[in-house]
Protein chains: 2
Amino acid sequence: MSSHRRPGLGVLAARLLFAVQDELYERLELAGHGRVTRLHGAVFAHLDEDGTRTSEIARRSGRHKQVIGRIVDDLEALGYVARRSEETDRRAKLVIPTDRGLEVLRLSDEAIGEIEARLADALGEDVYQVFDHTFRAVLDELAD
Amino acid sequence: MSSHRRPGLGVLAARLLFAVQDELYERLELAGHGRVTRLHGAVFAHLDEDGTRTSEIARRSGRHKQVIGRIVDDLEALGYVARRSEETDRRAKLVIPTDRGLEVLRLSDEAIGEIEARLADALGEDVYQVFDHTFRAVLDELAD
DNA sequence: TGTGATAGTCAAAAATTGTGACTAACTCAG
DNA sequence: CTGAGTTAGTCACAATTTTTGACTATCACA
């Protein structure tokens, strides 16, 4: 078996994404946030500590605002975020993390940070830094 | 705006995946394969030229075999793959790309190859090679 | 031979995504 | 100041996708 083709950049990206997500959500579950799923990640990943608009989250995550709106409904019911109208634009509503939401943000940053630290440790601090730097350059290059 | 946190490894991976997919499916559409969607990618990405079992595709892609079975139904109806019973194990069926399916495999490899070549050109051949190599090392490291 | 595991499929339920329409509020040219 | 066009968000409905459980056929192996 395993006569499969050498994985290209797309498959590498998918594997990395799944590997990171697997570890992240496992840790969130252990920390008592088992109700938070990958779906909610689209919001958490693009949510600032001081709040972000629904439409901005939609834009950043590349999903429809209806989908984001529904995920926010969910997170609101679970007590992770609250909605507050913006004062400068009364159409808009800020999605703001609650204390519980802030904890998820903190735990997520911590989990990702640990993964990165583990990789830096295994591959070499300098090697990993170059990797991270090149990764961002790759994304900049593909953004056109 | 844009006061968002520095994206971690997970967000980087997601962006890379989407960027690669965007370009890949755009090219497939231009080549007359507009009916092939990201959904089908789970099969094509793990399909060998000489055929692969449904369950092996499911294992490699991390999806349920029912889902893969349905995608294969789709691809079969579109004329991209055929099913053939294995001789060594009569329970199993090989999913085999048709000529049309082989063309998609070729176009996909070509598209990814061009993206990689473009990146190597922009960032430097040696820089990109190190990046690619480190990427695979990262995945090996996370596989544990 | 017979017990347990594996490959694949079917069918129904649940979850997620996409579409179109709608209200409210903002922008800005005239 | 006003009205046309745009944008933020939501609702309701349709379509798609995923999940769950059950089932048949086949294999592996003690």
Side-chain angles (χ1 to χ4, degrees), chain A residues 1-2 4 14 17-18 21-22 25 29 34-48 50-78 81-96, chain B residues 1-2 4 14 17-18 21-22 25 29 34-48 50-78 81-96:
Chain A
M1 70 167 61
S2 281
H4 49 290
L17 177 59
F18 294 154
Q21 284 183 336
D22 284 350
Y25 291 102
E29 177 158 17
R35 305 284 295 277
V36 175
T37 70
R38 282 156 218 255
L39 239 201
H40 303 126
V43 168
F44 276 125
H46 303 286
L47 181 62
D48 302 315
D50 51 349
T52 310
R53 286 185 183 186
T54 299
S55 55
E56 175 66 11
I57 295 173
R59 195 189 60 69
R60 287 185 197 166
S61 65
R63 291 171 185 252
H64 290 187
K65 58 185 178 179
Q66 288 93 333
V67 172
I68 298 299
R70 237 165 255 150
I71 298 173
V72 170
D73 285 346
D74 235 43
L75 289 176
E76 197 170 20
L78 291 170
V81 302
R83 276 185 244 239
R84 193 180 65 199
S85 291
E86 271 213 49
E87 296 167 10
T88 56
D89 183 344
R90 274 179 301 169
R91 291 171 304 178
K93 288 179 186 171
L94 272 185
V95 178
I96 304 177
Chain B
M1 72 168 59
S2 281
H4 48 290
L17 177 60
F18 294 154
Q21 285 183 335
D22 284 350
Y25 291 101
E29 178 158 16
R35 306 282 296 274
V36 175
T37 70
R38 282 155 218 258
L39 237 202
H40 303 125
V43 168
F44 276 126
H46 302 287
L47 181 62
D48 301 315
D50 52 347
T52 310
R53 287 185 181 186
T54 299
S55 56
E56 175 66 9
I57 296 174
R59 195 188 59 69
R60 287 184 198 166
S61 66
R63 289 168 186 254
H64 291 187
K65 58 185 178 179
Q66 289 93 329
V67 172
I68 298 299
R70 231 164 259 152
I71 298 173
V72 170
D73 285 346
D74 236 44
L75 290 175
E76 198 171 20
L78 291 171
V81 303
R83 277 186 244 239
R84 192 179 67 200
S85 291
E86 270 214 49
E87 296 167 9
T88 56
D89 184 342
R90 275 179 301 171
R91 291 171 303 178
K93 287 179 186 171
L94 272 185
V95 179
I96 304 178

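Given the structure is predicted, the values throughout are model-derived calculations rather than measurements. The analysis underlying the following values was restricted to heavy atoms, covering all of them including side chains, and did not include hydrogens, waters or symmetry mates. Proteins get letters first, then strands, A, B, ... in listed order; numbering begins at 1 in each.
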Seminar exercise, completed: Applying side chain to side chain donor-acceptor pair (under 3.5 Å) to T88(A) and not counting sequence neighbours gives E86(A)

Problem set entry | Rounded interatomic separation in angstrom, taking CG from D89(A) and C1' from dT27(C) | 11 Å

For this session: Rounded off to whole Å, could you give me the CZ-to-P distance for the R53(A) and dA25(C) pair?
Result: 14 Å

Seminar exercise, completed: Whichever of D73(A) and T37(B) has the more 5' nearest nucleotide on DNA chain D, that residue is D73(A)

For this session: Quickly, which of I71(A), V81(A), L47(A), V72(A) forms a side-chain contact (heavy atoms from CB on, under 4.5 Å) with H40(A)? Name it, please.
Result: I71(A)

Exercise. Please, which pairs that meet salt bridge (charged side-chain N to carboxylate O under 4.0 Å, His left out) have at least one residue in residues 64-77 of chain B, sequence neighbours excluded?
Worked result: D73(B)-R83(B), E76(B)-R83(B)

Problem set entry | salt bridge (charged side-chain N to carboxylate O under 4.0 Å, His left out) involving R38(A) - partner list, sequence neighbours excluded | D22(A)

Exercise. If you round to the nearest 0.5 Å, how far is NE2 of H46(A) from CZ of R59(A)?
Worked result: 10.0 Å

Seminar exercise, completed: Per-helix bend value, the helix from dT1(C)-dA30(D) to dG30(C)-dC1(D), C1' rotation axes over five pairs per end, 10° rounding, shows 30°

Exercise. How close or far is atom C1' of dT23(C) from atom CZ of R91(A), stated in whole angstroms?
Worked result: 12 Å

Exercise. Quick one: side chain to side chain contact (heavy atoms under 4.5 Å, CB included) partners of I96(A), sequence neighbours excluded?
Worked result: R84(A), L94(A)

For this session: Could you pull out all residues at least two apart from T52(B) that satisfy side chain to side chain donor-acceptor pair (under 3.5 Å)?
Result: D48(B)

For this session: Report yes if at least one side-chain N or O of S55(B) is closer than 4.0 Å to OP1 or OP2 of dG8(C); otherwise report no.
Result: yes

For this session: Starting at CZ of R60(B), measure out to OG of S55(B) and round the result to the nearest 0.5 Å.
Result: 10.0 Å

For this session: Please work out if R38(B) contacts a base, only the sugar-phosphate, or nothing of the nucleic acid, heavy-atom cut-off 4.0 Å.
Result: nothing

Problem set entry | Strand-adjacent residues in residues 61-69 of chain B, judged by heavy atoms under 4.0 Å from DNA chain D | R63(B), H64(B), Q66(B), V67(B)

Seminar exercise, completed: Between R70(A) and K93(A), the residue closer to the 5' end of DNA chain D by nearest nucleotide is K93(A)

Problem set entry | Phosphate contact (dC26(C) OP1 or OP2) by R90(A) side-chain N/O below 4.0 Å | yes

Seminar exercise, completed: chain A reaches DNA chain D, atoms under 4.0 Å from its heavy atoms, from dT7(D) to dC13(D)

For this session: With sequence neighbours left out, write down each residue that passes salt bridge (charged side-chain N to carboxylate O under 4.0 Å, His left out) with R91(B), or none if nothing qualifies.
Result: D89(B)

For this session: List for me each residue that meets side chain to side chain contact (heavy atoms under 4.5 Å, CB included) alongside L17(B), sequence neighbours excluded, and say none if there are none.
Result: A13(A), A14(A), L17(A), Q21(B)

For this session: Taking salt bridge (charged side-chain N to carboxylate O under 4.0 Å, His left out) as the test, write out the residues that go with E29(A), two or more places apart.
Result: none

